[in-house]
Amino acid sequence: MPIETQLATFEAAWLPRLNAPLADAIAQDTGDDRLAAAMQYSVLAGGKRLRPLLTVATLQTLGQTVDLKRLWRPIMALELLHTYSLIHDDLPAMDNDDLRRGEPTNHVKFGAGMATLAGDGLLTLAFQWLTATDLDAAVQAELVTSLAQAAGPAGMVAGQAKDIQSEAVDLPLADLRVLHKEKTGALLHYAVAAGLIMGGVPTAARAAYLRFADAFGLAFQIYDDILDVVGTAVELGKATQKDAGEAKNTYPGKLGLQGANQALIKTIAAGQAALDDLPADTDASLLRAFFSYFDTKRVKA
Ligand code: GRG
(Lines give C-alpha, C1' and ligand atoms only; values in the text may rest on other atoms or scores of the structure.)
Protein backbone atom coordinates (compact mmCIF):
# COMPACT_ATOMS: atom_id res chain seq x y z
CA MET A 1 0.00 0.00 0.00
CA PRO A 2 1.38 3.52 -0.80
CA ILE A 3 2.68 5.13 2.38
CA GLU A 4 0.25 8.08 2.17
CA THR A 5 -2.61 5.56 2.17
CA GLN A 6 -1.13 3.69 5.11
CA LEU A 7 -0.95 6.88 7.19
CA ALA A 8 -4.48 7.93 6.13
CA THR A 9 -5.89 4.48 6.98
CA PHE A 10 -4.19 4.51 10.37
CA GLU A 11 -5.50 8.02 11.12
CA ALA A 12 -9.02 7.12 10.04
CA ALA A 13 -9.01 4.15 12.42
CA TRP A 14 -7.48 5.89 15.44
CA LEU A 15 -8.48 9.57 15.38
CA PRO A 16 -12.15 8.97 16.26
CA ARG A 17 -11.19 6.62 19.10
CA LEU A 18 -8.66 9.06 20.51
CA ASN A 19 -10.97 12.07 20.15
CA ALA A 20 -14.35 10.73 21.28
CA PRO A 21 -13.80 10.69 25.07
CA LEU A 22 -11.96 14.05 25.26
CA ALA A 23 -14.76 16.52 26.03
CA ASP A 24 -16.28 14.40 28.83
CA ALA A 25 -12.94 13.43 30.34
CA ILE A 26 -11.81 17.07 30.58
CA ALA A 27 -15.18 18.12 32.07
CA GLN A 28 -15.06 15.25 34.60
CA ASP A 29 -11.61 16.21 35.83
CA THR A 30 -12.13 20.00 35.98
CA GLY A 31 -13.76 21.82 38.91
CA ASP A 32 -14.97 24.96 37.15
CA ASP A 33 -17.30 25.10 34.13
CA ARG A 34 -15.75 28.13 32.42
CA LEU A 35 -12.25 26.71 32.91
CA ALA A 36 -13.40 23.36 31.48
CA ALA A 37 -14.91 25.20 28.49
CA ALA A 38 -11.62 27.04 27.86
CA MET A 39 -9.61 23.82 28.11
CA GLN A 40 -12.03 21.91 25.86
CA TYR A 41 -12.12 24.77 23.36
CA SER A 42 -8.47 24.48 22.37
CA VAL A 43 -8.17 20.72 22.70
CA LEU A 44 -11.26 20.20 20.53
CA ALA A 45 -10.43 22.95 18.02
CA GLY A 46 -8.85 20.35 15.73
CA GLY A 47 -5.24 19.36 15.66
CA LYS A 48 -3.73 16.43 13.88
CA ARG A 49 -3.12 14.43 17.14
CA LEU A 50 0.28 13.64 15.68
CA ARG A 51 1.89 12.99 19.05
CA PRO A 52 -0.62 10.44 20.46
CA LEU A 53 -0.77 8.84 17.00
CA LEU A 54 3.01 8.36 17.16
CA THR A 55 2.68 6.69 20.56
CA VAL A 56 -0.01 4.32 19.24
CA ALA A 57 2.06 3.60 16.11
CA THR A 58 5.12 2.82 18.24
CA LEU A 59 3.11 0.36 20.36
CA GLN A 60 1.73 -1.29 17.21
CA THR A 61 5.22 -1.52 15.70
CA LEU A 62 6.26 -3.35 18.87
CA GLY A 63 3.50 -5.83 18.07
CA GLN A 64 1.34 -4.79 21.02
CA THR A 65 -2.43 -4.51 21.16
CA VAL A 66 -3.38 -0.97 22.16
CA ASP A 67 -6.10 -1.32 24.80
CA LEU A 68 -7.58 2.17 25.12
CA LYS A 69 -9.58 1.20 28.22
CA ARG A 70 -6.23 1.09 30.06
CA LEU A 71 -4.12 3.43 27.97
CA TRP A 72 -6.33 6.26 26.67
CA ARG A 73 -5.52 8.73 29.47
CA PRO A 74 -1.73 8.13 29.50
CA ILE A 75 -1.61 8.27 25.68
CA MET A 76 -3.68 11.48 25.46
CA ALA A 77 -1.77 13.20 28.30
CA LEU A 78 0.76 14.42 25.73
CA GLU A 79 -1.97 16.03 23.61
CA LEU A 80 -3.15 18.00 26.67
CA LEU A 81 0.39 19.14 27.31
CA HIS A 82 0.97 20.05 23.65
CA THR A 83 -2.27 22.08 23.62
CA TYR A 84 -1.18 23.97 26.75
CA SER A 85 2.04 24.91 24.95
CA LEU A 86 0.11 26.28 21.97
CA ILE A 87 -2.27 28.31 24.19
CA HIS A 88 0.61 29.87 26.13
CA ASP A 89 2.68 30.41 22.96
CA ASP A 90 -0.21 32.38 21.44
CA LEU A 91 -0.68 34.69 24.46
CA PRO A 92 -0.14 38.43 24.01
CA ALA A 93 2.98 38.20 26.20
CA MET A 94 4.47 35.57 23.89
CA ASP A 95 3.70 35.36 20.15
CA ASN A 96 0.43 37.33 20.36
CA ASP A 97 -1.41 35.25 17.75
CA ASP A 98 -5.13 35.52 16.97
CA LEU A 99 -5.61 32.31 14.99
CA ARG A 100 -4.80 28.70 15.88
CA ARG A 101 -6.14 25.44 14.49
CA GLY A 102 -8.30 27.62 12.25
CA GLU A 103 -10.15 29.22 15.21
CA PRO A 104 -9.66 32.36 17.31
CA THR A 105 -6.95 31.68 19.88
CA ASN A 106 -7.89 30.85 23.47
CA HIS A 107 -7.14 34.33 24.84
CA VAL A 108 -9.17 35.99 22.08
CA LYS A 109 -12.15 33.85 23.08
CA PHE A 110 -11.73 33.64 26.88
CA GLY A 111 -9.35 36.48 27.81
CA ALA A 112 -5.66 36.23 28.69
CA GLY A 113 -6.27 35.32 32.35
CA MET A 114 -8.53 32.36 31.63
CA ALA A 115 -6.33 31.27 28.69
CA THR A 116 -3.32 31.18 31.03
CA LEU A 117 -5.33 29.06 33.47
CA ALA A 118 -6.59 26.77 30.68
CA GLY A 119 -2.94 26.13 29.80
CA ASP A 120 -2.04 25.59 33.47
CA GLY A 121 -4.96 23.19 33.83
CA LEU A 122 -3.99 21.17 30.75
CA LEU A 123 -0.34 20.99 31.80
CA THR A 124 -1.24 19.69 35.25
CA LEU A 125 -3.99 17.36 34.09
CA ALA A 126 -1.52 15.77 31.66
CA PHE A 127 0.51 14.44 34.59
CA GLN A 128 -2.65 13.28 36.38
CA TRP A 129 -3.62 11.34 33.25
CA LEU A 130 -0.21 9.65 33.04
CA THR A 131 -1.03 7.91 36.30
CA ALA A 132 -4.76 7.30 35.66
CA THR A 133 -4.07 3.74 34.55
CA ASP A 134 -3.32 0.28 35.87
CA LEU A 135 0.13 0.23 34.24
CA ASP A 136 2.93 -0.84 36.63
CA ALA A 137 3.97 1.86 39.08
CA ALA A 138 7.51 1.82 37.63
CA VAL A 139 6.13 2.41 34.13
CA GLN A 140 3.97 5.30 35.39
CA ALA A 141 6.96 6.83 37.16
CA GLU A 142 9.11 6.62 34.03
CA LEU A 143 6.36 8.24 31.94
CA VAL A 144 6.12 11.10 34.44
CA THR A 145 9.89 11.68 34.56
CA SER A 146 10.25 11.46 30.77
CA LEU A 147 7.40 13.87 30.06
CA ALA A 148 8.70 16.31 32.69
CA GLN A 149 12.16 16.20 31.09
CA ALA A 150 10.75 16.65 27.59
CA ALA A 151 8.29 19.44 28.39
CA GLY A 152 9.94 21.23 31.29
CA PRO A 153 12.97 23.44 31.91
CA ALA A 154 15.38 20.96 30.28
CA GLY A 155 13.17 20.58 27.19
CA MET A 156 10.36 22.57 25.60
CA VAL A 157 10.36 25.40 28.15
CA ALA A 158 14.12 25.84 27.65
CA GLY A 159 13.56 25.99 23.88
CA GLN A 160 10.85 28.60 24.30
CA ALA A 161 13.13 30.59 26.65
CA LYS A 162 15.86 30.57 23.98
CA ASP A 163 13.25 31.54 21.38
CA ILE A 164 12.05 34.65 23.18
CA GLN A 165 15.64 35.74 23.86
CA SER A 166 16.78 35.31 20.29
CA GLU A 167 14.17 37.35 18.43
CA ALA A 168 16.60 40.13 17.51
CA VAL A 169 19.67 37.87 17.45
CA ASP A 170 21.07 36.10 14.40
CA LEU A 171 21.56 32.56 15.75
CA PRO A 172 24.15 30.22 14.18
CA LEU A 173 22.48 27.18 12.63
CA ALA A 174 23.95 24.89 15.33
CA ASP A 175 22.28 26.97 18.07
CA LEU A 176 19.01 27.03 16.12
CA ARG A 177 19.14 23.24 16.02
CA VAL A 178 19.45 23.05 19.80
CA LEU A 179 16.57 25.50 20.20
CA HIS A 180 14.36 23.39 17.92
CA LYS A 181 15.40 20.11 19.53
CA GLU A 182 14.17 21.49 22.84
CA LYS A 183 11.14 23.46 21.69
CA THR A 184 9.64 21.05 19.15
CA GLY A 185 11.74 17.90 19.09
CA ALA A 186 11.52 17.01 22.78
CA LEU A 187 7.74 16.33 22.75
CA LEU A 188 7.99 14.25 19.56
CA HIS A 189 10.87 12.32 21.14
CA TYR A 190 8.65 11.70 24.15
CA ALA A 191 5.74 10.59 21.90
CA VAL A 192 7.82 7.66 20.68
CA ALA A 193 9.50 7.11 24.07
CA ALA A 194 6.05 6.84 25.69
CA GLY A 195 5.22 3.91 23.39
CA LEU A 196 8.53 2.25 24.26
CA ILE A 197 7.99 2.78 27.99
CA MET A 198 4.37 1.56 27.92
CA GLY A 199 5.50 -1.35 25.75
CA GLY A 200 8.13 -2.39 28.32
CA VAL A 201 11.09 -2.02 25.93
CA PRO A 202 14.38 -2.00 27.89
CA THR A 203 16.44 1.18 27.61
CA ALA A 204 19.21 -0.62 25.68
CA ALA A 205 16.78 -1.58 22.90
CA ARG A 206 15.32 1.91 22.35
CA ALA A 207 18.10 3.72 20.45
CA ALA A 208 16.97 3.23 16.83
CA TYR A 209 13.37 4.19 17.67
CA LEU A 210 14.56 7.34 19.38
CA ARG A 211 16.88 8.27 16.47
CA PHE A 212 13.79 7.96 14.26
CA ALA A 213 11.87 10.23 16.69
CA ASP A 214 14.60 12.86 16.73
CA ALA A 215 14.90 12.91 12.93
CA PHE A 216 11.11 13.17 12.67
CA GLY A 217 11.14 16.06 15.16
CA LEU A 218 13.79 17.98 13.25
CA ALA A 219 12.04 17.34 9.92
CA PHE A 220 8.79 18.55 11.51
CA GLN A 221 10.35 21.85 12.51
CA ILE A 222 12.08 22.40 9.15
CA TYR A 223 8.79 21.67 7.38
CA ASP A 224 6.89 24.02 9.73
CA ASP A 225 9.38 26.76 8.80
CA ILE A 226 8.98 25.98 5.07
CA LEU A 227 5.17 26.02 5.31
CA ASP A 228 5.34 29.38 7.05
CA VAL A 229 6.85 30.68 3.79
CA VAL A 230 4.95 28.69 1.14
CA GLY A 231 1.65 27.87 2.93
CA THR A 232 -1.48 29.94 3.42
CA ALA A 233 -3.29 30.88 6.63
CA VAL A 234 -6.41 29.02 5.46
CA GLU A 235 -4.44 25.81 4.85
CA LEU A 236 -2.53 25.99 8.14
CA GLY A 237 -5.20 27.48 10.41
CA LYS A 238 -2.73 30.04 11.75
CA ALA A 239 -1.03 33.21 10.59
CA THR A 240 1.78 32.66 8.08
CA GLN A 241 4.87 34.61 7.04
CA LYS A 242 5.20 35.54 10.72
CA ASP A 243 8.77 34.32 10.87
CA ALA A 244 10.01 36.68 8.17
CA GLY A 245 8.05 39.61 9.62
CA GLU A 246 9.65 39.19 13.03
CA ALA A 247 13.13 38.47 11.56
CA LYS A 248 13.04 35.07 13.26
CA ASN A 249 15.69 32.45 13.05
CA THR A 250 14.35 29.80 10.67
CA TYR A 251 15.72 27.18 8.28
CA PRO A 252 14.64 29.09 5.16
CA GLY A 253 16.03 32.25 6.78
CA LYS A 254 19.43 30.60 7.27
CA LEU A 255 19.63 28.28 4.24
CA GLY A 256 17.16 29.74 1.74
CA LEU A 257 14.02 27.84 0.71
CA GLN A 258 15.93 25.36 -1.47
CA GLY A 259 18.56 24.80 1.20
CA ALA A 260 15.87 24.23 3.83
CA ASN A 261 14.16 21.70 1.56
CA GLN A 262 17.48 19.90 1.03
CA ALA A 263 17.94 19.79 4.83
CA LEU A 264 14.41 18.37 5.09
CA ILE A 265 15.16 15.64 2.52
CA LYS A 266 18.40 14.74 4.31
CA THR A 267 16.69 14.61 7.70
CA ILE A 268 13.92 12.34 6.36
CA ALA A 269 16.60 10.02 4.96
CA ALA A 270 18.30 9.90 8.39
CA GLY A 271 14.97 8.99 10.00
CA GLN A 272 14.35 6.25 7.44
CA ALA A 273 17.88 4.91 8.05
CA ALA A 274 17.17 4.75 11.79
CA LEU A 275 14.14 2.55 11.04
CA ASP A 276 16.40 0.26 8.98
CA ASP A 277 18.19 -0.46 12.27
CA LEU A 278 15.11 -1.85 14.04
CA PRO A 279 15.26 -5.61 14.72
CA ALA A 280 14.96 -7.57 11.46
CA ASP A 281 11.54 -9.04 12.32
CA THR A 282 10.00 -5.59 12.94
CA ASP A 283 7.54 -4.19 10.41
CA ALA A 284 8.51 -0.51 10.38
CA SER A 285 6.13 0.46 7.56
CA LEU A 286 3.68 2.33 9.82
CA LEU A 287 6.41 4.51 11.35
CA ARG A 288 7.88 5.01 7.85
CA ALA A 289 4.46 6.20 6.71
CA PHE A 290 4.66 9.15 9.12
CA PHE A 291 7.25 10.68 6.78
CA SER A 292 4.52 11.08 4.15
CA TYR A 293 3.34 14.00 6.32
CA PHE A 294 6.19 15.99 4.71
CA ASP A 295 5.68 17.05 1.11
CA THR A 296 9.16 17.86 -0.17
CA LYS A 297 7.60 19.00 -3.47
CA ARG A 298 6.10 22.11 -1.84
CA VAL A 299 9.37 23.81 -2.77
CA LYS A 300 9.83 23.85 -6.53
CA ALA A 301 13.31 22.85 -7.71
C1 GRG B 1 4.71 28.08 25.84
C2 GRG B 1 6.42 26.68 27.10
C3 GRG B 1 5.77 27.05 25.85
C4 GRG B 1 6.18 26.43 24.72
C5 GRG B 1 5.62 26.66 23.40
C6 GRG B 1 5.04 24.40 20.90
C7 GRG B 1 5.60 25.72 21.16
C8 GRG B 1 6.41 25.90 22.40
C9 GRG B 1 5.36 26.74 20.35
C10 GRG B 1 4.56 26.64 19.14
C11 GRG B 1 5.23 27.38 18.05
C12 GRG B 1 5.63 26.52 16.92
C13 GRG B 1 5.25 27.00 15.60
C14 GRG B 1 6.31 25.40 17.12
C15 GRG B 1 6.82 24.54 16.06
C16 GRG B 1 5.97 23.47 15.52
C17 GRG B 1 4.74 23.14 16.22
C18 GRG B 1 4.83 22.66 17.62
C19 GRG B 1 3.60 23.21 15.54
C20 GRG B 1 2.28 22.87 16.07
O21 GRG B 1 2.14 21.48 16.19
P22 GRG B 1 1.12 20.66 15.27
O23 GRG B 1 1.36 20.98 13.82
O24 GRG B 1 -0.23 21.33 15.69
O25 GRG B 1 1.18 19.23 15.66
P26 GRG B 1 -1.69 20.69 15.79
O27 GRG B 1 -2.61 21.88 15.84
O28 GRG B 1 -1.94 19.81 14.59
O29 GRG B 1 -1.69 19.91 17.07
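One-based numbering, in listed order, for ligands and for the atoms of each.
Listed by number with element, the atoms of ligand 1 under 4.0 angstrom from any heavy atom of G47 are 26 (P), 27 (O), 28 (O), 29 (O). Every atom of ligand 1 is numbered from 1 in the order shown, and the set under 4.0 Å from a heavy atom of S85 is 1 (C), 4 (C), 5 (C), 6 (C). Within the listing of ligand 1, atoms 2 (C) sit less than 4.0 angstrom from a heavy atom of Y84.
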- Query: Are Q140 and T131 close enough, and set up right, to give a side chain to side chain donor-acceptor pair (under 3.5 Å), and what steps lead you there?
  - Reply: CA-CA 6 Å; Q140 294 182 30; T131 59; 4.7 Å; no
- Query: Stepwise, does the side chain to side chain donor-acceptor pair (under 3.5 Å) test hold for W72 with D67?
  - Reply: CA-CA 8 Å; W72 184 80; D67 177 1; over 6 Å; no
- Can you check salt bridge (Lys or Arg N to Asp or Glu O under 4.0 Å) on K162 and E182, steps first, answer last? CA-CA 9 Å; K162 289 190 175 79; E182 293 171 343; 2.7 Å; yes
- Query: Going through the distances and angles, do T105 and D98 end up as a side chain to side chain donor-acceptor pair (under 3.5 Å)?
  - Reply: CA-CA 5 Å; T105 43; D98 291 345; 4.7 Å; no
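Looking at D89, L227, L53, D97 and measuring to atom 10 (C) of ligand 1, the nearest heavy atom belongs to D89. Between atom 22 (P) of ligand 1 and the options H180, K48, E182, the minimum heavy-atom separation is to K48.
Here D224 has side-chain heavy atoms under 4.0 Å from ligand 1, and that is the only part of it that gets that close. Residue-level proximity to ligand 1 for Y223 is absent, since no heavy atom of it falls below 4.0 angstrom. Looking at Q160 against ligand 1, only its side chain comes within 4.0 Å, counting heavy atoms.
Between R298 and G231, the shortest heavy-atom distance links the atoms NH2-CA, 3.7 Å.
Residue contacts with ligand 1: R51 is included, with a non-hydrogen atom under 4.0 Å away.
Relative orientation of the F216 and F294 rings is tilted, given thresholds of 30° and 60° on the angle between their planes.
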